[in-house]
Every structure is written in C-alpha cells, then in structure tokens.
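Structure first, then comments.
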Amino acid sequence: QVQLVESGGGLVQAGGSLSLSCAASGRTFSSYLMGWFRQAPGKEREFVASITWNADGTDYADSVKGRFTISRDNAKNTAILQMRSLKLEDTAVYYCAAGRYGGRLNRSGSAYGYWGQGTQVTVSS
C-alpha cells in the first residue's frame, strides 16, 4: 500500500520553470512504477510522464517531451517532475501516481492503483 502527497505547485510565468515533488509512504515504494498526470480546467485527465522502478526507462507525452523531466529517489521515497519552458497550456492540476508493475511503462491511468491529491500549476502570460 502506498500513500502519495504532491507539493511544489504554484503560479509561474510562461517560459519559466517549476519542480513538483511526490512524497510516498510505503516500504515497497522502490518497486513501483511512478507516473505524473494532469487535468486542465474542463478537460479530461491526461498522461504526462512515467518512470520505471529502477529508473532504467522513462516515457513522456509528446506535449511535454524535451521540456519536462521525471526522476525518482527511492532512498527518499520521492518522485520529481521538473518542468521548464512552461506554456499556458501546461496549466492544470498535476497528480502523481504509483502502479504495482514497476518495470513496465504505462500511459494508462488504469495501471496506477495509488494517486495523490493533486497540486495546482498555473502558467500566466
């Protein structure tokens, strides 16, 4: 069982950077697939990025590829999403998620059984 709490959201100008953190509880965190999703106002939740349990594989949505970086520190039970060159369309509530099949990247929310409460990211012009 895993509990997740996101932090680091806020207001940032277009072109700026922001780093989100996901603090996890659970003794088996290091074995989980970790992912980030987001939901913009009036839109459905969408995949952002994921990372395997041992960080030997990462995956990014086309909309954020080259701008966002996902990482994890299993010793600290933490997953990070570093965002740069932020755009207005990046405005959303960002959620971290954990899935039991840690070695297999997956863009589907159904692969993640544990979710954080979300943190708001607002990009202004």
Side-chain angles (χ1 to χ4, degrees):
Q1 304 299 315
V2 177
Q3 296 183 63
L4 308 171
V5 179
E6 303 96 334
S7 62
L11 178 65
V12 62
Q13 290 187 327
S17 299
L18 200 65
S19 183
L20 306 181
S21 296
C22 177
S25 64
R27 294 167 183 161
T28 59
F29 169 81
S30 62
S31 69
Y32 279 79
L33 174 71
M34 296 298 299
W36 287 92
F37 293 76
R38 67 187 183 187
Q39 187 168 19
K43 297 185 177 181
E44 296 297 311
R45 182 181 63 195
E46 65 176 348
F47 168 80
V48 175
S50 63
I51 185 169
T52 57
W53 74 273
N54 60 354
D56 68 347
T58 57
D59 189 25
Y60 298 91
D62 289 343
S63 59
V64 307
K65 194 171 299 180
R67 300 188 299 117
F68 290 13
T69 301
I70 187 171
S71 61
R72 67 192 298 163
D73 186 340
N74 289 344
K76 297 180 179 180
N77 281 11
T78 302
I80 305 295
L81 184 69
Q82 179 66 48
M83 306 180 292
R84 62 182 177 86
S85 301
L86 283 161
K87 304 175 179 180
L88 293 178
E89 52 263 45
D90 294 320
T91 294
V93 176
Y94 283 72
Y95 300 89
C96 69
R100 63 184 297 178
Y101 298 107
R104 300 185 180 184
L105 294 168
N106 201 311
R107 296 186 173 193
S108 174
S110 64
Y112 301 84
Y114 306 96
W115 295 81
Q117 85 289 351
T119 186
Q120 176 72 48
V121 173
T122 302
V123 183
S124 64
S125 61

### Straight-line distance of Ile80 CD1 to Thr69 OG1, nearest 0.5 Å
11.5 Å
### Task
Could you tell me whether the side chain of Gln120 reaches within less than 4.5 Å of the side chain of Thr91, counting heavy atoms only?
yes
### Side-chain hydrophobic cluster, 4.5 Å single linkage: members besides Trp53
none
### Query
What pairs meet the ring pair (Phe, Tyr, Trp, His ring centres under 6.0 Å) rule with one or both residues in residues 22-47, with sequence neighbours excluded?
Tyr32-Tyr114, Phe37-Phe47, Phe37-Tyr112, Phe37-Trp115
### Message
For the CG atom of Leu33 and the CZ atom of Arg72, what is their distance to the nearest 0.5 Å?
### Response
7.5 Å
### Query
Is the count of non-hydrogen atoms from other residues, nucleotides or ligands lying under 6.0 Å from Gln13 atom CD greater than 12?
no
### Query
Among Met83, Arg38, Glu46, which one satisfies side-chain contact (heavy atoms from CB on, under 4.5 Å) with Val64?
Arg38
### Task
Kindly state each residue pair satisfying disulfide (SG to SG under 2.5 Å) with at least one member in residues 1-116, sequence neighbours excluded.
Cys22-Cys96
### Summary
Output for pair (Leu20 CG, Phe68 CZ), nearest 0.5 Å, gives 8.0 Å
### Query
Any side-chain heavy atom of Asn106 within less than 4.5 Å of one from Tyr101?
no
## Note on the structure
Output for pair (Asn77 CG, Ser30 OG), nearest 0.5 Å, gives 7.5 Å
#### Entry: Approximate separation, where rounding is to 0.5 Å, of Ile70 CD1 and Gln82 CD
12.0 Å
